[in-house]
Structure formats: structure tokens, C-alpha cells
Participant: 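Below are the C-alpha cells for one structure; questions will follow.
Basis for what follows: all heavy atoms, side chains included, without hydrogens, waters or symmetry-related copies. For clarity, every value in this text was computed on a predicted model and none was experimentally measured.
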Amino acid sequence: MGNFRWNYAALIFLLMPCFFALETIASTTTEAEALLKWTSGLSMCDDGSSFPLNSWSLSNLRNLCNWRGIVCNGGGAVSQINLPYAHLCGTLHHLNFTSFPSLTGFNISGNYINGSIPPAIGHLSNLVFLDLSYNRFDGSIPPQIGNLTELQYLDLSGNDMRGVIPHQIGNLQKVWFLDFGYNWFLDASDWSSKVKSFPMLRHFSLAGGTCTLISFPDFILSSRNLTYLDLSETSLNGSIPESLFTNLEKLEYLDLSYNEFSEPLSPNINNLSSLEHLLLSYNQFQGEILYSIGQLKDLQVLDISQNLLNSTIPSSLSSLTKLSNLDLSSNFISGNISPHLISNWTKLTVLRLEHNSFNGSIPSKIGLLTNLEYLSLYGNKFHCTIPPQIGNLQNLYVLDLSDNHFYGPIPHTIGNLTRLKFLTLLNNNFNGILLPQIGNMQELNELDLSENNLFGLIPETIGNLHRLTLLDFQNNSFFGPIPQAIGNLTGLSNIVLSNNNLTGMLPPQIRNLKSLENLELSKNNIYGTLPPQIGNLLDLFILDLSRNNFYGPIPQMIGNLTQLGALRLSTNNFIGTLMFDSGNPTSNLISSTICNLRSLIILDLANNLFTGPIPQCLVNIDLSVLDLHQNQFYGPIPTQFKDCNSLSRLSLYDNQLEGAVPRSLINCKGLEVLDLGHNNLSGTFPMWLRDIPNLKVLNLIRRSKGIYFLNFVSSISLTMNFLGICPYGFSRILVP
């Protein structure tokens, strides 16, 4: 009998591994089937890519633990599902969470999973890590998440979730990471009042306009282990609670930007001695920059831009020797920039002081900031030259000194900034010539020197700037021809050289600029015919050649510019007719050209030598401005103005037009300026003009006899007071 018992026990002992193996196989099969059922409802969001879960199949069951994104524990059960940024589309509704009792980690961040979060997720009782961030989840957060009491990491940010954040999340007493930021709209009023503490919490975010908070939740102010706190865009106002500065001494990152704080900061901010990032932009803080901020010796990022601060920079900030990013922009800060400050900020990569009232000069010690990548001083009152030491900042990619009172020449050392992508010096008093060293900055995307006193030739080295998209030299005194090398800049989208003294002909190389959208050359002395190659610039939206000395006909190829929104050719010597004239069969016919430009908003051909009738087809273009004044047009004004609500200015002044004012203009409800004077119009005053509600300027004086009216200018609608001391409410009447 004893032997039998011993043999039975031995048999059980020998068979136990088989039972465990069978149980493991059964468990593995259950988990595999659950995964395959889920994946049957998933798809690949990016066309042309292979499905990332091809390794998932029952035929590959023995390798379940090697399936992509699957991690198993020592017993062979699935312990983690990790599929971040796998381009997956679908939902979680086909995933049976009860099949994964050993799951500790679930990460599907950065996909395109939509729908709601299933309440059944609360069955994952061993879950430690849950990251559903940056998907397309909508609906509310299920309160069953509060059942996941082992959870330490919860990230639901970057979705479309809305509704109440359930107070059951307060059950997650082991959680150290909580992020609900950047959702559609979340209501935290319930849980922020009921949840008292998260003793392990180190990272917390409600950022991105996701939630409106009436006040700081108590659990935040009692979470003494917090190192990261982001409550930006949560509509907090008033003052920052004093307990934040006394309780949260471990904070390294504090973002309270885009709120409505208005009370001064507490001087006890220096208690946050571990702080590395302090972001308080877009609030209403007033008064001085706190001296005690200078005691935050570990501070790397200080952003207090877009506030109402009105002091100078305190000398204590010179102690912030670890600063890499300093943004004081858009305040009322004044005074000089001390060389002592600059010399201690040698780790700066970003320095933004724009839109303040700084004055004086830029210290030559600016050359010590050799790590600087972004320097913006625009919109201040600096009154100095650019120190040549600016050339030491060879890591700079943005330099913006615009809207100041800088004067003198642009230093040749600026050519050392070979990594620069954006150089903006507009609206200063720079003078002198543009040196050829400008061609050294071959990474430049935008070059804006407008609104200065620069003169001389535009150097041919400008053709070296192959990455340039914007070239703006308007309102200077450059002279000579436009360099032919400009044809090398094939990425240019904007050329603005208006109001200079440029001469010569438009270089034919301009045909190479296939990406050009704006070409503005007005108020120069450029002459010659308009090259037909202009018709190759198919993306052109603005073509402004007004106030030059162009002559001859408009080339037919201009009709290729179907994206053109503004065509300004006024005050030149262009000739030709806009439509066929049987009396002048050799005239240049361009009506088909102009009327092809169906995107036109502004057509300005004023003060040229055009002749013939005005083509009827112009009324079919949805124009805002039609200006043909001071030409030699004759015949009637086009009559079929129907859909003309966009037309605000119609100027046909000083031509030889005949007939009556067309009644169809009554449909142009947005018309503000109607200038038909100095023509040969006939008839009595059109009473129906009073029904054009926005008309403010009217000129109907005629060349010869007739009852027409002169230069009515008023801010009052013509529908008011058409009778009185002066008939019809006009300021002056001309009676023959």
C-alpha cells in the first residue's frame, strides 16, 4: 500500500510539468486568439507600407513571445503589448482585456486608434504602464481606470477626449506619471475637489487648453514629490498659491503659460531651487522681474514673454549661468543690456527680447555667445551700429534686428554667419552699400533689408543664395540693374524690390524662378518691354510693375498666369487694346489674355497708353479693384455688372468713355469708390446710386456739358439725406 502511495505521488510529481505545460499552451492560445481577433479590425494607415503585425498568426503560435510588440514573462504569458508609432488604424473594442491577466504594460501611443476607451480595460488588474497618448480616442475617460490600482504610469494626452475626469482616478495611489494634456475638452471640477493626494506623483500635465480650472487642485499642492507640472492653458487666474513655492521644492519643470495670472510673483520663488524650466508666458504679470529669480541657479529656460512687466533686467540674472533659452519678449522692459549679463550667459542658444523698450547699444560682448542660434531684438529702441563681433555667432540661424534705430553700414563680418537661415533688418537706418560677403550665407531662406537707407548695386553674389525664398529690399536706394544672377535663385517665392532707383531691363533669367509667387518692382526706373517669359511663372499671385518705364504691348503669355490675384501695371507706357477694334486691326489684342485670369482680385492698368473699348468680359471676373484711369479707352462702360459684391473700387477716370452710367452697378453693394470723371458720359444724375449702401467717393464730373457731380467724399452712406440744402446730399454740384 505504501509503495502504491509512493508511486502515485511520484506519478503526480512527474506529470505536474505536463499539466503546467498544457495550462501554458491553453493560456498562450487564448492570448493569441485575443490578439488575432483584435488585429482583424486593425489596418495600416499609410498606403504602400507593409502591415506591421504580419508576424501575428496562429501558425506562428510557438513564437508568440517573438511576435512584434509582444513581451512575455517567465511563465510564457503576455506581459507587455508595445506598439508605439506603428501606423495602426482601428479601435480597442475588439480586444478582450480579460484574456491578459498578466499584462503589466500596454503602449499603443502615436497611432490612429479611434473610438472610446472600453470600460473593460479596468480588468487589467496587474497593469503598471498604460500609454494611449496621441491617438484619436474620443468620448469620456471610463471610471473603471480607477480599478487599475497597480498603475504607475498613465498617459492619455493628445487625443479627442472630453467630459468629466472621473474622481476614481484618485484610487491610483501608486501612480507617478499622469498626463491628460492636449485633448478636446476635459472637466476636472469633480476629481480635483475629491482627490486629496497622489503621494508618488512626480509628473502631472493638463496642458493645451484641455481643461478649465477654477483654482489649483489641492492634490497638486500636496504632491511634494512633483518634479514636472504643466497647467498651461487652463484659465487659472489671480495669483499663484504661495504653497506651490513652499511645498513643491523638488520642481524642475513648471509651465503656467497661457493663463490669466495677474498678481505679482511671490519672491519665495527662490524656494524652487531645483527649477530648470520656468514658463510663465502669455499671462498678465505686472511690475518688476523678480530679483529672486536670479537665485534659481539651475535654471536653463526662462520664458516670461507676453506679460505686462515694466522693469529693467535685474543684475541678479547674471547668476543664471546655465541659461540656454531666455525669452522676455512682448513686455514693457526697458534700459540697456548690461555687458555683465551677456558675459555670463555664454550657454544661451535662444535670446528673445523683441517687442520691448530696450535702448542703447548691443554690447560687443555679444560675440561671447558662440552657442547662440536664435537672436531676436526687433521692436525696441536700440540706437547703435551692429558690433562687428556679431560675426562670432557662427551657430546663429535666426537674426532679427528689425524695427529699431540701428544705423551705419552692415558689418562685413555678418558674412561669417554661414548657418544663418533668416536675416531680418527691416525698418532701421542702415546705410552704405551691401557688401559681396552677403553671398557667403548660402543657407539663407529669408533676407529682408527693407525700409533702410542702403544704396549702391545689388551684388552679383546674391546669386549664391540658392536656398532663398524671400528677397525683400524695398524702400531703399539701390540703383543699377537687377543682377542676372538672380536667375540662380530657383526657390524664390517672393521678390520685393519696390521703391528703389533700379534701372535697366528686367533680366530674362527671371524665367527660371518657377516657384515665384510675388514679384513687386514698383517705383523704380526699370525700362524695356515685358519679356514673354514672364508667362512661365505659373505660381505668380502678385505682379506689380507699376511706376516704371516699361513700354510696348503686354505679352499674350501673361494669360498663362491663372493663379494671378493682383496685376498692377499702372504708370508705365504700355500700349495696345484690350479687345478687338475694327477701326484699328493692327492693335494688340489682349482681352483673351486678361480675361483668362479668373483669379484676379486687383487689376490696375492705370496711366498707360491703352486704347479701344473696355472688354465686357472683365465684369465676369470677381474683382475687388478695377482701375483703368488715365488711358485712352472709349465706348461705353460695360453694362452687365451682376455678381459684383466684391467690387470696392471702380476707377475709369480720364478716358474717352461715352454713354450713361450703367444701372447694373446697383448690384455692387460693396462699392466704396466710383470714379468716372473726365469722360464723355451723358444723361441725368442716376438717382439709383443712393441704393449702393457703402459708396463714399463719387466723381462724375464730365468733360463737357451735363448735370454731373464732382468729387463727393463722405463717410456717410449715400442712402442717407439725398435731400437738403445741397440736393441729394452731395458736397458740390457742377451745373453747366
Side-chain angles (χ1 to χ4, degrees), residues 377-386 388 390 398-415 417 420 422-441 444-465 468-489 492-507 509-510 513 516-527 542-550 568 570-572:
L377 305 180
Y378 80 81
N380 280 284
K381 300 176 182 179
F382 290 106
H383 191 268
C384 61
T385 60
I386 300 179
I390 201 84
V398 172
L399 176 59
D400 191 344
L401 307 181
S402 56
D403 291 318
N404 278 283
H405 305 294
F406 288 104
Y407 58 84
I410 299 172
H412 68 87
T413 55
I414 208 166
L417 308 182
L420 206 62
F422 301 91
L423 176 59
T424 309
L425 306 180
L426 71 90
N427 197 19
N428 280 286
N429 297 307
F430 290 113
N431 55 34
I433 64 172
L434 185 60
L435 296 169
Q437 284 88 345
I438 198 75
N440 295 344
M441 297 186 285
L444 270 182
N445 295 141
E446 296 186 6
L447 175 59
D448 191 343
L449 308 180
S450 61
E451 310 282 346
N452 280 287
N453 299 311
L454 299 167
F455 60 86
L457 299 172
I458 298 175
E460 284 285 338
T461 55
I462 204 83
N464 296 339
L465 309 181
L468 210 60
T469 61
L470 168 68
L471 176 64
D472 191 343
F473 290 174
Q474 66 179 311
N475 295 326
N476 279 283
S477 298
F478 288 108
F479 55 75
I482 298 173
Q484 295 185 4
I486 205 168
N488 299 339
L489 310 181
L492 269 177
S493 59
N494 292 276
I495 300 177
V496 186
L497 303 177
S498 304
N499 202 14
N500 280 281
N501 297 310
L502 298 171
T503 58
M505 302 179 70
L506 192 62
Q509 290 83 357
I510 203 149
L513 309 183
L516 205 60
E517 297 176 3
N518 294 340
L519 177 58
E520 302 180 45
L521 306 177
S522 65
K523 299 181 183 178
N524 281 287
N525 297 306
I526 303 170
Y527 60 83
I542 295 176
L543 177 58
D544 188 350
L545 306 180
S546 60
R547 301 195 180 195
N548 279 285
N549 295 313
F550 288 102
R568 297 184 183 274
S570 62
T571 316
N572 281 283

Participant: So, taking the atom named CD1 in I414 and the one named CE in M441, what distance separates them when rounded to the nearest 0.5 Å?
Facilitator: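 Answer rounded to 0.5 Å: 5.5 Å.
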
Participant: Do side-chain atoms of N452 reach the backbone of L425 as a donor and acceptor pair under 3.5 angstrom?
Facilitator: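 Yes: the side chain of N452 pairs with the backbone of L425.
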
Participant: Can you find a heavy atom in the side chain of L401 that is under 4.5 Å from one in the side chain of L423?
Facilitator: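 In short, these two side chains do not touch, never coming nearer than 4.5 Å.
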
Participant: Once you round to the nearest 0.5 Å, how far does CG of L492 lie from CG of L468?
Facilitator: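 Here the interatomic distance stands at 5.0 Å.
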
Participant: Please state whether the rings of F430 and F406 are parallel, tilted or perpendicular, taking 30° and 60° as the class boundaries.
Facilitator: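 The rings of F430 and F406 lie parallel, inter-plane angle below 30°.
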
Participant: For N428, run the side-chain contact (heavy atoms from CB on, under 4.5 Å) check against L449, N404, I410 and tell me which one passes.
Facilitator: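 The passing option is N404.
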
Participant: Starting at CG of N518, measure out to CG of L521 and round the result to the nearest 0.5 Å.
Facilitator: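 The distance works out to 11.0 Å.
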
Participant: With a 3.5 Å distance limit and no angle check, can you tell me whether D400 reaches the backbone of S402 through a side-chain donor-acceptor pair?
Facilitator: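 Yes; judged by distance alone, with no hydrogens or angles, the pair exists.
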
Participant: Search all heavy atoms of I526 against all heavy atoms of L506 and return the closest pair with its distance.
Facilitator: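 Minimum heavy-atom separation between I526 and L506: CG2-N, 3.9 Å.
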
Participant: Please tell me if the side chains of H405 and F382 come closer than 4.5 Å, counting only heavy atoms from C-beta onward.
Facilitator: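 The answer is no; the side chains never approach within 4.5 Å.
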
Participant: Does Q484, at its CD atom, have more than 12 non-hydrogen atoms belonging to other residues, nucleotides or ligands within less than 6.0 Å?
Facilitator: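 No, the 6.0 Å shell around CD holds no more than 12 heavy atoms from other groups.
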
Participant: Would you say the side-chain atoms of N429 pair up with the backbone N or O of N431, donor to acceptor, closer than 3.5 Å?
Facilitator: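 Side chain of N429 to backbone of N431, a donor-acceptor pair under 3.5 Å: no, none is there.
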
Participant: Taking S522's backbone N and O only, do any of them form a donor-acceptor pair with D544's side chain (distance below 3.5 Å, no angle check)?
Facilitator: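 A pair under 3.5 Å: no.
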
Participant: Is the side chain of N500 donor-acceptor paired with the backbone N or O of F478 at a distance under 3.5 Å, no angle test?
Facilitator: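 Yes, the answer is positive, given that a donor and an acceptor are paired below the 3.5 Å cut-off.
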
Participant: Output all residues satisfying side chain to side chain contact (heavy atoms under 4.5 Å, CB included) with S493, sequence neighbours left out; order by chain, then residue number.
Facilitator: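 Testing S493 for side chain to side chain contact (heavy atoms under 4.5 Å, CB included), a comparison that skips the adjacent residues, returns T469, E517.
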
Participant: Look up atom CG in D472 and atom OG1 in T424, then write down how far apart they are to the nearest 0.5 Å.
Facilitator: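 Spacing of CG (D472) from OG1 (T424) equals 9.5 Å.
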
Participant: Is it the case that the side chain of T461 and the backbone of P436 share a donor-acceptor pair, with hydrogens and angles ignored and the cut-off at 3.5 Å?
Facilitator: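 Between the backbone of P436 and the side chain of T461 there is a qualifying donor-acceptor contact (under 3.5 Å).
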
Participant: Pair F473, L434 - check side chain to side chain contact (heavy atoms under 4.5 Å, CB included), show working.
Facilitator: CA-CA 11 Å; F473 290 174; L434 185 60; 3.8 Å; yes

Participant: Could you tell me the separation between the CD1 atom of I438 and the CG atom of L447, rounded to the nearest 0.5 Å?
Facilitator: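 Reported value, rounded in 0.5 Å steps: 5.0 Å.
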
Participant: Any sub-3.5 Å donor-acceptor pair from S546's side-chain atoms to T571's backbone N or O?
Facilitator: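 No, S546 side chain to T571 backbone: no donor-acceptor pair under 3.5 Å.
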
Participant: N525 side chain to T503 main-chain N or O, any donor-acceptor pair under 3.5 Å?
Facilitator: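 Not confirmed, N525 side chain does not pair with T503 backbone.
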
Participant: Under the side-chain hydrogen bond (donor to acceptor under 3.5 Å, both in side chains) test against E451, which residue among N427, N499, N475, N476 passes?
Facilitator: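 By the side-chain hydrogen bond (donor to acceptor under 3.5 Å, both in side chains) criterion, E451 pairs with just one of N427, N499, N475, N476: N475.
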
Participant: Is N501 reaching over with its side chain to a backbone N or O of F479, donor-acceptor style, under 3.5 angstrom?
Facilitator: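 Side chain of N501 to backbone of F479, a donor-acceptor pair under 3.5 Å: no, none is there.
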
Participant: Rounded to the nearest 0.5 Å, what separation is found between the CG atom of L377 and the CG atom of L399?
Facilitator: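 So the CG of L377 and the CG of L399 are separated by 7.5 Å.
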
Participant: Does any N or O in the side chain of N464 come within less than 3.5 Å of the main-chain N or O of I462, such that one atom is a donor and the other an acceptor?
Facilitator: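 Checking the backbone N and O of I462 against the side chain of N464, no donor-acceptor pair under 3.5 Å is found.
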
Participant: Which atom names give the shortest non-hydrogen contact between P483 and P459, and what distance separates them?
Facilitator: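 Nearest heavy atoms, P483 then P459: CG-O, 4.2 Å.
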
Participant: Taking the side chain as every heavy atom from C-beta outward, state whether L545 and N524 have any atom pair closer than 4.5 Å.
Facilitator: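 With C-beta onward as the side chain, the pair stays apart.
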
Participant: Check side chain to side chain contact (heavy atoms under 4.5 Å, CB included) between F422 and all other residues, then give those that pass, not counting sequence neighbours.
Facilitator: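 F422 satisfies side chain to side chain contact (heavy atoms under 4.5 Å, CB included) with V398, N445, E446 only.
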
Participant: Apply side chain to side chain contact (heavy atoms under 4.5 Å, CB included) to residues I510 and L519 and explain how you reach the verdict.
Facilitator: CA-CA 10 Å; I510 203 149; L519 177 58; 3.9 Å; yes

Participant: Over all heavy atoms of both residues, which pair between N548 and K523 is shortest? Give the atoms and the distance, please.
Facilitator: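 Heavy atoms only, the tightest pair is ND2-N, 4.0 Å.
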
